[in-house]
Amino acid sequence: MDKVVIAALAGLVAHRWITQARAWMLPVGLMGAMVWGSTWIMISVGLMLTGFEFYGRAREFERQRDRQEQEAEVFLQRLAQLLPTRGGLSLALQDMGYRDSQVGREPNPERLLVGLFKMWNVNAVGMVASAAQVVLRHGGALQPVVEQAARKIAQDRERRFQRHLEEATKRTTVVILGFAPYFMMVMLRFMVPSMYMALLGNAIGKLAVVGVGLVSGGVLLVLGSHVMRDGQSR
C-alpha cells in the first residue's frame, strides 16, 4: 500500500513538473503528510487538498472573470463616448484600434463585436453585439444600448462586490475548518502520542481520518463550484 501511494505521489509530481502547473499544494502537502508515516493520513490529506486545489482554481477563474469584465466595461464606456463624435460604429472601433484582419483596415463592426463577446464572454457585450446587428438591418441608435450595457456591468459589479464582502468571512471560515482537523492531529501526535497511536491503531480511527478528508475536501469542492458558477454568470 505504501509503495502504491509513493508511486502515485511521484507520478503526480512528475505530471505537475511536465505540465508546468502552478498548483503545487497537493504534492507538497502529500510530501509533508509522508512525515507522519501513515498511509491513512496521506489519503485524508490528499482528499482535503484536492478540494482545496479546486477551490484555488475557482478563485483564479473568478479573478480572471473580474479582469475580463473590467476590460469589457472600459471598452463599452469608450465606445459610448466615440459613437456620437465619429458618427458610426465602424469608425469608432477604428479609433479604438480595432481592425478586422479578414477585410483589411475597415472593420466589420458586427463581426468584431461578436468576436469580443466570445473573448470576454460578458453578457453586456453580447447584448451590444445583438443590438448592432438589429441596427444594421433595421436602423436606429446604438449608443443608448452601449451606455445601458456599461451601466449594467457597473451595477452588477457593485452588487457582486457587496455580496463578496458578506461571503468573505464565510469562505475563510470554510477553508480554516478544512485545515483545522490536521492541525489538531499534529498537536495530538506531539502532545498526546498515545492518543494519536490509538486513533490510527484501529479500523474505526482510520475510517474517521479518511472521513475527515472526504468531508473537508467535499465542502471545499462545493465552495469552489459556487465560486465557479458565480464567475460564469457575468
Side-chain angles (χ1 to χ4, degrees), residues 1-2 4-6 8-13 15-16 19 21-69 121 156-157 159-192 195-234:
M1 182 69 172
D2 291 341
V4 173
V5 173
I6 292 173
L9 176 57
L12 177 63
V13 171
H15 175 267
R16 296 292 167 91
T19 58
R22 291 186 297 172
W24 281 88
M25 176 67 76
L26 180 57
V28 171
L30 288 175
M31 288 179 187
M34 287 179 65
V35 177
W36 288 2
S38 170
T39 302
W40 301 102
I41 292 289
M42 287 186 64
I43 293 173
S44 179
V45 170
L47 290 170
M48 185 274 292
L49 289 179
T50 298
F52 183 74
E53 277 202 352
F54 179 77
Y55 171 67
R57 289 196 297 271
R59 290 282 293 121
E60 179 58 33
F61 175 71
E62 184 181 52
R63 288 189 288 268
Q64 177 187 354
R65 295 295 289 144
D66 288 341
R67 291 192 294 269
Q68 290 173 333
E69 192 177 52
N121 194 25
D156 289 347
R157 188 178 65 252
R159 285 195 295 268
R160 194 177 302 111
F161 177 74
Q162 294 296 330
R163 189 173 73 251
H164 286 177
L165 285 178
E166 297 172 359
E167 292 180 353
T169 303
K170 297 177 182 177
R171 290 186 184 185
T172 303
T173 301
V174 170
V175 173
I176 291 174
L177 289 176
F179 282 88
Y182 301 96
F183 290 116
M184 295 298 295
M185 289 182 196
V186 171
M187 294 177 62
L188 199 63
R189 178 175 182 178
F190 290 103
M191 297 179 67
V192 193
M195 188 175 296
Y196 174 80
M197 296 304 297
L199 175 66
L200 296 177
N202 59 81
I204 295 177
K206 293 173 182 177
L207 288 175
V209 168
V210 174
V212 167
L214 278 172
V215 172
S216 299
V219 170
L220 289 168
L221 280 171
V222 171
L223 179 60
S225 299
H226 168 73
V227 174
M228 280 281 191
R229 286 195 300 271
D230 184 59
Q232 290 167 350
S233 61
R234 299 294 176 95

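What you see below is based on every heavy atom in this structure, not just the backbone, and it leaves out hydrogens, waters and symmetry mates.
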#### Entry: Point-to-point distance, once rounded to the nearest 0.5 Å, from CE of Met197 to CZ of Arg189
8.5 Å
### Task
Report yes or no: does Tyr55 contribute a side-chain atom to a donor-acceptor pair with the main-chain N or O of Arg171 at less than 3.5 Å?
no
## Note on the structure
By side-chain contact (heavy atoms from CB on, under 4.5 Å), Met191 pairs with (sequence neighbours left out) Met187
### Task
Working to the nearest 0.5 Å, report the span between CZ of Phe54 and CE of Met228.
4.5 Å
### Message
For Val227, is there any backbone N or O sitting under 3.5 Å from a side-chain donor or acceptor partner on Arg59?
### Response
no
### Query
How far does CD of Glu69 sit from CZ of Arg160, to the nearest 0.5 angstrom?
4.5 Å
### Query
In chain order, what residues pass the side-chain contact (heavy atoms from CB on, under 4.5 Å) check against Leu165, with sequence neighbours excluded?
Phe161, Gln162
### Task
Mind listing the closest non-hydrogen atom pair of Gln68 and Arg65 along with its distance?
OE1-NH1, 2.5 Å
Using a 3.5 Å cut-off and no angle test, enumerate the donor-acceptor pairs between side-chain atoms of residues 207-226 and protein atoms at least two apart in sequence or in another chain.
unit_1, atom_1, unit_2, atom_2, d
Ser216, OG, Val212, O, 2.9
Ser225, OG, Leu221, O, 2.9
His226, NE2, Glu167, OE2, 3.4

### Query
So, Asp156 and Arg159, do they make that salt bridge, N to O below 4.0 Å?
yes
### Query
Going through the distances and angles, do Arg163 and Glu166 end up as a salt bridge (charged side-chain N to carboxylate O under 4.0 Å, His left out)?
CA-CA 5 Å; Arg163 189 173 73 251; Glu166 297 172 359; over 6 Å; no
### Query
With no hydrogens and no angle check, do the side chains of Gln64 and Arg67 hold a donor and an acceptor under 3.5 Å apart?
no
